[in-house]
Amino acid sequence: LYAEQIRAAVDAHTIDVLTVPAGENYKTRESWASLTDQMLVRGFGRDSAVIALGGGVVGDLAGFVASTYMRGIPVVQIPTTLLAMIDASIGGKTGIDTPAGKNLVGTFHYPAGVIVELQVLDTLPLRERRAGLAEAIKHGVIADEAYLFAVADSLTEMLATDGEISDRMLSLIVRSIEIKAEVVSRDEREEGLRQILNFGHTIGHAVELLSGYSLHHGEAVAIGMALESRLAEHIGVAQKGTAPKVAEVLRLAGLPTELPPGSGVDAILEAMRSDKKVRTGTIRVSLPARIGAMAGAKSGWTVSVSDDQLREALA
Ligand SMILES: NC(=O)c1ccc[n+]([C@@H]2O[C@H](COP(=O)([O-])OP(=O)(O)OC[C@H]3O[C@@H](n4cnc5c(N)ncnc54)[C@H](O)[C@@H]3O)[C@@H](O)[C@H]2O)c1
Ligand SMILES: [Zn+2]
């Protein structure tokens, strides 16, 4: 949709457009190999750069290509989904999925720049806007209660597809970027604090994988946040009332809050075990203490949970 505009803005002779089919199913080693081979055949050298133009899938994949191509060339992220603008394009994580799980192979490769052009949201379907809001809601829960309620109050504007970019929408997007950037800049390699960005993602990634990616990332994370908040309340980590508040905002945004019918609890637990946050068999989850603050400051910002506790939350 937007490659020609980039081509027109850059010297047209120096830019080649490589594409991949849309969707999480193409965030694979095969896509990485194909893109890398095409670049090699076309003679791109170490003086090249990758422009990742697309949603989070393209950002993660193209970032991974850039980070491994001739031991690393720069990447410029130009995110075109709400989710990629406020979350995926920031923080240097690149990667691909494997049959065992999401993002299990990847690198940290910080972008040379991130360019957010809100007009590209004009063509973004409603379902993708909702999915993006899931990460904005996450930012509110993990770091800023007032922001969560500001998002909840602006859902009509954020989801409107009339092409209007209001000042309010701009300021919400900027605040989300600030929250992500602040957490990431305090812990670039995920040694501690950055774990809080994984809220909703331990259960979410498992649900996303098991859906065969028919659930979009943001939708799976919404389910993950609802269930992980419930878990946090059940085991006494979160203040009473946290889980219903999280679920309410998600529902208002039109996001799912329950497991898809027929989900097997055992299969979800199994998928969670291959998640990166599992150390020596115990599942560790980033959980809220209340809206706007996460638990586990003294234990690396994750909380160890037993299978029984997880089963109860998933049931
Ligand atoms: N690296 C990180 O820190 C990080 C953080 C969050 C999510 N992610 C990853 O991001 C991915 C999800 O990203 P996503 O939600 O952007 O999904 P996506 O990249 O699959 O994009 C969603 C859909 O929207 C289409 N699209 C993109 N921009 C459009 C536009 N402007 N107009 C019309 N259609 C458009 C895409 O072709 C695709 O079909 C997941 O793989 C997730 O793991 C990474
Ligand atoms: Zn995410």
Side-chain angles (χ1 to χ4, degrees), residues 1-3 5-6 19-28 31 52-64 66-67 75 77-98 101-111 114 116-139 141-142 161 163 176-177 179-181 183-184 187-190 194-209 211 213-225 228 255 275-276 286:
L1 287 172
Y2 299 103
Q5 275 162 262
I6 307 276
T19 60
V20 284
E24 189 74 33
N25 283 312
Y26 292 92
K27 203 174 109 177
T28 57
S31 298
L53 176 69
V57 165
V58 168
D60 282 7
L61 176 63
F64 187 55
S67 78
V75 62
Q77 295 281 350
I78 307 187
T80 62
T81 62
L82 178 60
L83 186 141
M85 287 175 182
I86 64 168
D87 199 321
S89 65
I90 307 151
K93 280 190 179 179
T94 82
I96 50 163
D97 304 332
T98 68
K102 271 178 63 73
N103 303 332
L104 293 177
V105 174
T107 59
F108 284 103
H109 189 58
Y110 276 81
V114 181
V116 174
E117 171 50 79
L118 295 180
Q119 284 307 331
V120 302
L121 294 176
D122 270 4
T123 50
L124 192 70
L126 182 61
R127 184 175 176 192
E128 300 303 338
R129 285 169 188 262
R130 292 192 200 282
L133 279 176
E135 302 277 14
I137 291 168
K138 178 188 80 179
H139 292 152
V141 176
I142 66 172
T161 45
S176 224
I177 292 173
I179 293 173
K180 169 102 195 219
V183 172
V184 162
D187 178 17
E188 293 197 349
R189 297 245 155 198
E190 197 166 287
R194 192 171 175 157
Q195 292 285 354
I196 67 175
L197 293 166
N198 292 324
F199 169 53
H201 285 62
T202 309
I203 294 176
H205 277 164
V207 169
E208 190 181 355
L209 177 71
S211 79
Y213 299 115
S214 62
L215 280 172
H216 292 194
H217 178 70
E219 294 165 346
V221 168
I223 296 170
M225 288 192 288
E228 288 177 17
L255 286 160
D275 197 82
K276 295 186 293 305
S286 318

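Order of appearance sets the numbers: ligands from 1, and atoms from 1 within every ligand. Remember, it's a predicted structure, so these values are computed and weren't measured experimentally. Keep in mind that the numbers below use all heavy atoms, side chains included, and drop hydrogens, waters and symmetry copies.
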Subject >> Heavy atom of the protein closest to atom 44 (C) of ligand 1 (residue, atom name, distance) >> reply: Asp60 OD2, 3.3 Å
Subject >> Contact (N/O only, under 3.5 Å) between Thr123 and ligand 1 >> reply: yes
**OP:** Report yes if Gly56 has an N/O atom closer than 3.5 Å to an N/O atom of ligand 1; otherwise report no.
**Re:** yes
**OP:** Within a distance under 4.0 Å of any heavy atom of Glu135, pick out the atoms of ligand 1 and give their elements.
**Re:** 6 (C)
Subject >> For Ala22, the ligand 1 atoms whose distance to one of its heavy atoms is below 4.0 Å >> reply: 37 (O), 39 (O)
Original post:
Just heavy atoms, cut-off under 4.0 Å: does Glu128 contact ligand 1 by side chain, backbone, both, or neither?
Top reply: side chain
**OP:** Indicate, as side chain, backbone, both or neither, the part of Thr94 found under 4.0 angstrom from ligand 1 when only non-hydrogen atoms are considered.
**Re:** neither
Original post:
Polar-atom distance check: Thr80 versus ligand 1, any N or O pair below 3.5 Å?
Top reply: yes
**OP:** Can you pull out the closest protein heavy atom to atom 27 (C) of ligand 1? Residue, atom name and distance to 0.1 Å, please.
**Re:** Thr81 CG2, 3.2 Å
Original post:
Quick check: does Asp87 put an N/O/S atom under 2.8 Å from the Zn ion (ligand 2)?
Top reply: no
**OP:** Distance to 0.1 Å, residue and atom name: give those for the protein heavy atom nearest to atom 3 (O) of ligand 1.
**Re:** Lys180 NZ, 3.3 Å
Subject >> Heteroatom distance test (Leu1, ligand 1): nitrogen or oxygen, under 3.5 angstrom >> reply: no
